[in-house]
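Okay, so here's the structure we're looking at.
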Amino acid sequence: VDRRDRTYREGDLVVATVESSRAGYLYLLYCDAESDVYAVFPNRYQQSNYVRANEKVVVPTDGSNFQLRIVKPFGTEVLKAIVTDKPIKTMSLPDLTKADATKLDVTTLRNAIKAMSVDGVDSLDPDDGRDIYDWAEHSVEVFTLPASADRDIRQPKRFFFGAGISEYEDKRIRNLT
């Protein structure tokens, strides 16, 4: 995403850049704070989801009327990029490219996950009637706040305290037992 701290306020625009080390078919999903999931890539303006290795894909693309604008609900949200070696049959390109962002129903998501999963498969034989996908994924959490929020309402920052141990001994400090 285009902000180092991944924090956005109401009305802010989000720009995501995705790069895969391997060629394949990219699906960029956005899960909002109420767990609604949207496919934001491919979309109406970026209809081909085939990406070349090391190609940077920017969503939304420059020049499109599509924007990822932060609106209610607020909280922790997730952008998930999935790259597969072949198109996911249960996530058809014509369905995903009808709109700027396509809301995905639970059945579509479940079928896509099931299609990519090899759990419970006795063999990876391509003749067993099941599609086997080679895939990779990466998720980024995004934190969204109302415009009126006067401070960051996320979890408090973490702090680290470290203690070093050396070969030197101070006789004034008792041993831990």
Side-chain angles (χ1 to χ4, degrees), residues 1-8 12-71 73 75-144 154:
V1 292
D2 58 333
R3 294 208 178 152
R4 189 177 191 105
D5 68 355
R6 301 183 322 269
T7 300
Y8 296 84
D12 288 347
L13 299 178
V14 178
V15 176
T17 303
V18 181
E19 183 177 356
S20 174
S21 61
R22 294 178 17 188
Y25 296 86
L26 171 64
Y27 300 87
L28 184 60
L29 308 179
Y30 188 82
C31 180
D32 72 16
E34 289 185 343
S35 299
D36 289 328
V37 179
Y38 298 85
V40 296
F41 185 90
N43 58 57
R44 176 182 311 191
Y45 302 98
Q46 297 166 291
Q47 294 191 359
S48 173
N49 67 329
Y50 181 79
V51 295
R52 294 183 299 275
N54 303 311
E55 172 186 14
K56 289 186 180 182
V57 176
V58 178
V59 179
T61 187
D62 288 337
S64 71
N65 291 326
F66 170 43
Q67 297 176 329
L68 291 173
R69 184 177 303 279
I70 299 302
V71 296
T76 301
E77 306 188 352
V78 177
L79 273 166
K80 178 178 282 291
I82 302 169
V83 177
T84 61
D85 63 334
K86 55 188 171 188
I88 300 172
K89 287 183 181 178
T90 59
M91 295 178 71
S92 79
L93 217 50
D95 289 340
L96 296 178
T97 57
K98 288 179 184 175
D100 298 350
T102 303
K103 186 172 182 179
L104 301 178
D105 60 64
V106 174
T107 303
T108 300
L109 287 171
R110 185 178 298 124
N111 289 340
I113 292 167
K114 186 177 177 182
M116 294 181 343
S117 173
V118 293
D119 292 342
V121 175
D122 294 331
S123 74
L124 297 180
D125 180 0
D127 297 325
D128 70 1
R130 181 178 174 137
D131 286 325
I132 303 298
Y133 293 86
D134 186 15
W135 60 281
E137 58 87 22
H138 181 73
S139 298
V140 174
E141 284 188 341
V142 175
F143 307 100
T144 60
R154 293 183 292 155

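The chain is numbered in sequence order, starting from 1.
Under a 3.5 Å cut-off, the side chain of Thr7 and the backbone N or O of Phe143 do not form any donor-acceptor pair. Counting only distance, with no hydrogens or angles, the side chain of Tyr27 and the backbone of Ile88 share a donor-acceptor pair below 3.5 Å. Formation of a donor-acceptor pair under 3.5 Å by the Thr61 side chain with backbone atoms of Val58 is not found in this model. With hydrogens and angles disregarded, no donor-acceptor distance shorter than 3.5 Å links the side chain of Arg69 to the backbone of Leu13.
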Do any side-chain atoms of residues 28-36 form donor-acceptor pairs under 3.5 angstrom with protein atoms, and if so which ones, sequence neighbours left out?
unit_1: Tyr30; atom_1: OH; unit_2: Glu77; atom_2: OE1; d: 2.0
unit_1: Asp32; atom_1: OD1; unit_2: Glu34; atom_2: N; d: 2.9
unit_1: Asp32; atom_1: OD1; unit_2: Ser35; atom_2: N; d: 3.1
unit_1: Asp32; atom_1: OD1; unit_2: Asp36; atom_2: N; d: 3.0

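Nearest heavy-atom pair, Glu55 versus Val51, reported as atom, atom and distance to 0.1 Å: OE1-CA, 3.4 Å. Residue Ala81 comes nearest to Val18 through the heavy atom pair CB-CG1, 4.0 Å, listed as atom of the first residue, atom of the second, then distance. Of all the heavy atoms in Val83 and Gly24, the pair that sits closest is CG1-CA, 3.9 Å. Pairing each heavy atom of Ala53 with each of Ser21, the nearest pair is CB-O, 3.4 Å. Across every non-hydrogen atom of Val142 and Val1, the tightest pair is CG2-CG1, 4.1 Å. Taking all atoms of both residues into account, the shortest heavy-atom contact from Asn43 to Val59 is ND2-CG1, 4.3 Å.
Residues satisfying the side chain to side chain donor-acceptor pair (under 3.5 Å) criterion with Thr97, sequence neighbours excluded, are absent altogether. Arg3 pairs by the salt bridge (Lys or Arg N to Asp or Glu O under 4.0 Å) definition with Asp12, not counting sequence neighbours. Residues meeting the side chain to side chain contact (heavy atoms under 4.5 Å, CB included) test with Asp62, sequence neighbours left out: none. Listed by chain and residue number, nothing satisfies the salt bridge (Lys or Arg N to Asp or Glu O under 4.0 Å) test with Arg4 (two or more places apart in sequence, or in another chain). For Tyr8, the side chain to side chain donor-acceptor pair (under 3.5 Å) partners at least two apart in sequence or on another chain are Asp2. Qualifying salt bridge (Lys or Arg N to Asp or Glu O under 4.0 Å) partners for Asp100, counting only residues two or more places apart in sequence or in other chains: Arg44. With sequence neighbours excluded, no residue forms a ring-ring contact (aromatic ring centres under 6.0 Å, His included) with Tyr45. Scored by the side chain to side chain donor-acceptor pair (under 3.5 Å) test, Ser92 finds Asp95 as partners (sequence neighbours excluded). Legend: residues meeting side chain to side chain donor-acceptor pair (under 3.5 Å) with Asn54, ordered by chain and number and at least two apart, are absent. Considering only residues two or more places apart in sequence or on other chains, Glu137 meets the salt bridge (Lys or Arg N to Asp or Glu O under 4.0 Å) condition with Lys80.
Checked for salt-bridge contact, Arg22 and Asp85 miss the test: no charged N lies under 4.0 Å from a carboxylate O.
Residue pairs meeting the ring-ring contact (aromatic ring centres under 6.0 Å, His included) criterion with at least one member in residues 48-67, sequence neighbours excluded, are Tyr25-Tyr50.
In this structure, CZ on Phe41 lies 5.0 Å from CD on Gln46, to the nearest 0.5 angstrom. Note: Glu19 CD to Leu26 CG = 11.5 Å, rounded to the nearest 0.5 Å.
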Does the side-chain contact (heavy atoms from CB on, under 4.5 Å) test come out yes or no for Val57 and Thr17, once each step is laid out? CA-CA 6 Å; Val57 176; Thr17 303; over 6 Å; no
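Side chains of Leu93 and Pro42 form a contact here, defined as non-hydrogen atoms less than 4.5 Å apart. Looking at heavy atoms from C-beta onward, Leu109 lies out of side-chain contact with Val106 at the 4.5 angstrom threshold. Side-chain contact check for Val140 versus Val78: every heavy-atom pair is 4.5 Å or farther apart.
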